[in-house]
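Take a look at the structure below.
Numbering of ligands and ligand atoms starts at 1, following listing order. As a basis for the values below, the full set of heavy atoms in this structure was taken, side chains included, without hydrogen atoms, waters or symmetry mates.
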Amino acid sequence: MTEDNLTPEQKELIIKVNRAVIKAREAQREWSEKSFKQRASYLKTVHYRISERTQSISQAIFDDVKKPIRAAIGGDILPTLDNLKEMMKNGAKVLKDEKPSASLSQFYIGSRKLKIIRQPYGVIGVIGSWNYPIYMNFDTICAALLSGNTVVWKPSELTPRTNEIIYRMFDELPNGVLVMINGGPDAGKAVSQSDVDRIVFTGSTATGRKVAAQAGARLTPVATEMGGKDTLIVTENADVKIAAQAAAFGITNYAGQNSIKPQRLLVHEKSYNRFKVLLKEYMEAVKIGPADLPSVQMGPLINDRAVALADHLVKEAVAQGATILTGGAPATEFQGPFYRPTILENTTNQMRIEKGDLWAPVATMRVYKNESEVVKLVNGHPLGFTSSIFSKSIQKAEKLGQRLDVGTIMINSTVLSVADAKIPFGGRRLSGNMERHGVWGIRDMTRPKTISISEGWLDPIYRGTYKFTKRWQIVVIALKAGQYNKAFKAYMSRRLAREE
Ligand code: NAD
């Protein structure tokens, strides 16, 4: 799109975003010069406000995206509080200066000291998604702020109430440290084309590609958390009942609108029949209904479009040879965008339902004979976020997990165990390229800078008056004899250095 093709609204958005970036850049120097402790003191207030307003925040999340209140508290607000606490408590440690010793190949420069400091990028453009509006947004915003960046934040247009609440929580920050830009794709586009120093994008892989292309004109680095889907593996010695319960929970939790929802089930031939019977039973027992009723286990999807997409992909797979074990249609007895918990069998890699990131309580199930098939199916998939492995042998499960090219392996559990501030979270391939949570996120928001301090100038070398000391004679003789370790030892020897 050229400048001439832009609508007045788009032009206005670009101006607004550019002003926000200028404001954030002006604020960044002073903000980055504050100590970690000073920056954390602002976020302490934010932490307090979140815990104090759990009720109103969870209500806003429910109003925006119909997430059940208990899921909003347990899956969104609590992990946010843990995460922020961990960042404030341990973040300073990972930003500490490092002081490595110089390498042997540098000896001709003479003695020097090295220091590696971690510096913030500058202004971070954060583009957010709707499904975990508190957790995902606070995670990136707080990691960016604590490490000395300022932020221009474009949250999802689908969570207006929650966004407002989040933004108000930061109102004690100095002006320009966090600037919110409201709007949809055009606002996101304006942020990704602006003069920010880094973009952190959470959302679908399709949009992530657009963001990367838009940022490409300025070569702005883009960190991504994108499409997911968990492959849940039921091995031959799994506790099949637990695996079936976990699978049913994971597929229907928050109506499947989770980037690490089990979407592909790979079941060993020896476990298949029993697992299939139990899974069908558990999926059909899930209580569907309005998400605000305490007895309800699965609420609606975000909108009718999401239901239509799920139904289209299920029907398309069936037309191509897949069979339905359970579900396979919208749940029309309820008012709103509901879809039945669904399991498909006889699917193939070519079907779109196997390829993409489907946000609905739908999963496919296939039988496998040996682990090589599992490795091929997981590592050959374009998305690689997580894998859940069910096995009574932790050792075997761990060994298999190490062969899978995904960001997190969950043994004998699914979905829930990744929302932990102590562990890094990130995908592989088209699922993303960043590390987030706790101290991992903080370090990820900085870059290393080296300061090399020479002790004495190189003048003697240029003038040819360099003193070829005993130490260097030993170093050279050892190197000529191919004895690197001996040379290095002599180079590092304090005694020989003192004699020089
Ligand atoms: P989305 O890709 O539709 O939108 C994400 C954000 O990008 C929104 O703020 C949107 O306004 C903005 N946007 C849309 N078009 C844009 C453009 N051209 N340029 C810049 N910004 C643009 O995703 P969504 O519907 O909000 O969230 C669902 C998706 O997010 C799922 O695919 C899910 O897997 C993914 N997700 C991933 C994670 C993770 O941790 N990997 C977490 C949450 C969501």
Side-chain angles (χ1 to χ4, degrees), residues 1 10 13-14 17 61 64-65 67 75-76 79 83 125-141 143 152-160 162-163 166 180-194 196 199-217 220 222-230 254-263 301-303 305-306 309-310 355-360 382-386 406-408 415 418-419 423-437 440-441 444:
M1 196 184 285
Q10 286 169 329
L13 259 176
I14 291 171
V17 168
I61 297 176
D64 279 338
V65 293
K67 183 182 284 197
D76 229 343
N83 200 18
V126 172
I127 302 175
S129 66
W130 59 266
N131 66 326
Y132 283 83
I134 290 284
Y135 191 36
M136 291 290 172
N137 284 310
F138 269 102
D139 181 48
T140 41
I141 291 172
V152 173
W153 174 43
K154 206 303 277 176
S156 169
E157 61 277 26
L158 301 179
T159 52
T162 317
N163 301 341
I166 297 177
M180 178 167 75
I181 299 288
N182 281 315
D186 283 341
K189 188 171 178 184
V191 171
S192 55
Q193 289 179 326
S194 73
V196 291
I199 293 158
V200 178
F201 170 78
T202 309
S204 62
T205 301
T207 308
R209 283 182 197 275
K210 287 185 199 162
V211 169
Q214 288 153 194
T220 309
V222 181
T224 54
E225 281 291 359
M226 304 184 291
K229 89 158 41 188
D230 176 271
Y254 192 21
Q257 302 173 110
N258 192 322
S259 51
I260 54 168
K261 176 203 75 173
Q263 170 120 359
L301 272 70
I302 181 82
N303 50 33
R305 207 156 56 94
L309 175 66
K355 286 185 191 161
D357 172 29
L358 180 55
W359 277 35
L383 303 176
F385 226 121
T386 61
V406 297
T408 305
V415 174
V418 299
I423 55 174
F425 181 61
R428 303 274 168 91
R429 302 187 293 286
L430 296 183
S431 286
N433 62 8
M434 68 181 289
E435 287 168 5
R436 58 202 290 175
H437 288 183
W440 302 86
D444 189 62

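- Checked against a 3.5 angstrom limit, the closest N/O atoms of Trp130 and ligand 1 fall inside it.
- Here the protein heavy atom with the shortest distance to atom 18 (N) of ligand 1 is Gln214 OE1, 3.3 Å.
- Distances between N or O atoms of Asn131 and those of ligand 1 include no value under 3.5 Å.
- Looking at Met226 against ligand 1, only its backbone comes within 4.0 Å, counting heavy atoms.
- Near Gly228, with a cut-off below 4.0 Å to any heavy atom, the atoms of ligand 1 are 34 (O).
- Considering backbone and side-chain atoms alike, Ser204 places an N or O below 3.5 Å from some N or O of ligand 1.
- The protein non-hydrogen atom at the shortest distance from atom 32 (O) of ligand 1 is Asp357 OD2, 2.7 Å.
- At a heavy-atom distance under 4.0 Å, atoms from both the backbone and the side chain of Thr202 approach ligand 1.
- At a heavy-atom cutoff of 4.0 Å, ligand 1 is contacted by the side chain of Lys210 but not by its backbone.
- The nearest heavy-atom contact from the protein to atom 12 (C) of ligand 1 is Ile127 CG2, 3.8 Å.
- With a 4.0 Å cut-off on non-hydrogen atoms, Ala206 does not touch ligand 1 at all.
- Ligand 1 has at least one atom lying under 4.0 Å from a heavy atom of Gly227.
- Ranking the protein heavy atoms by distance from atom 16 (C) of ligand 1 puts Thr207 CG2, 3.4 Å first.
- In this structure the side chain of Asp230 never reaches within 4.5 angstrom of the side chain of Lys261, judged on heavy atoms.
- Proximity of Tyr132 to ligand 1, defined as any heavy-atom pair under 4.0 Å, is not found for any part of the residue.
- Inspection of the Tyr132 and Asn258 side chains reveals an N or O donor paired with an N or O acceptor under 3.5 Å.
- Note that Lys229 lies outside the cation-pi zone of Phe385, set by a 6.0 Å cut-off to the ring centre and a 45° limit from the axis.
- Of the protein's heavy atoms, Trp359 CZ2, 2.5 Å lies nearest to atom 33 (C) of ligand 1.
- In this structure, the side chains of Tyr254 and Val65 come closer than 4.5 Å at one or more pairs of heavy atoms.
- Here CD1 of Ile260 is found 5.0 Å from CZ of Phe425. Values are rounded to the nearest 0.5 Å.
- Considering backbone and side-chain atoms alike, Lys154 places an N or O below 3.5 Å from some N or O of ligand 1.
- Protein heavy atom closest to atom 17 (C) of ligand 1, with residue, atom name and distance, is Pro185 O, 3.8 Å.
- Side-chain polar atoms of Trp153 and Asn137 form a donor-acceptor pair below 3.5 angstrom.
- One finds the CE atom of Met136 at 5.0 Å from the OG atom of Ser259 (value rounded to the nearest 0.5 Å).
- Atoms of ligand 1 found under 4.0 Å from any heavy atom of Gly188, numbered from 1 in the order shown, are 19 (N), 20 (C), 21 (N).
- Nearest protein neighbour of atom 39 (C) of ligand 1, counting heavy atoms only, is Ser259 OG, 3.4 Å.
- For the residue pair Thr202 / Arg436, a side-chain donor-acceptor distance below 3.5 Å is found, with atom types taken as modelled.
- Here the protein heavy atom with the shortest distance to atom 6 (C) of ligand 1 is Gly128 O, 3.2 Å.
- Interatomic distance, CD1 of Ile166 versus CD1 of Ile141, reported as 6.0 Å (0.5 Å rounding).
- Of the N or O atoms in Glu157, one or more lie within a sub-3.5 Å distance of an N or O in ligand 1.
- Met180 has its side chain within reach of Asn182: a pair of non-hydrogen atoms, C-beta onward, lies under 4.5 Å apart.
- By the 4.0 Å heavy-atom criterion, Gly427 is excluded from the residues contacting ligand 1.
- Here Pro424 pairs with Trp440 under the side chain to side chain contact (heavy atoms under 4.5 Å, CB included) rule; sequence neighbours left out.
- Counted by atom type alone, Gln10 and Asp186 present one or more donor-acceptor pairs between their side chains at under 3.5 Å.
- Heavy-atom proximity to Ser156, at under 4.0 Å, picks out these atoms of ligand 1: 9 (O).
- Ile61 places a side-chain heavy atom less than 4.5 Å from the side chain of Pro133.
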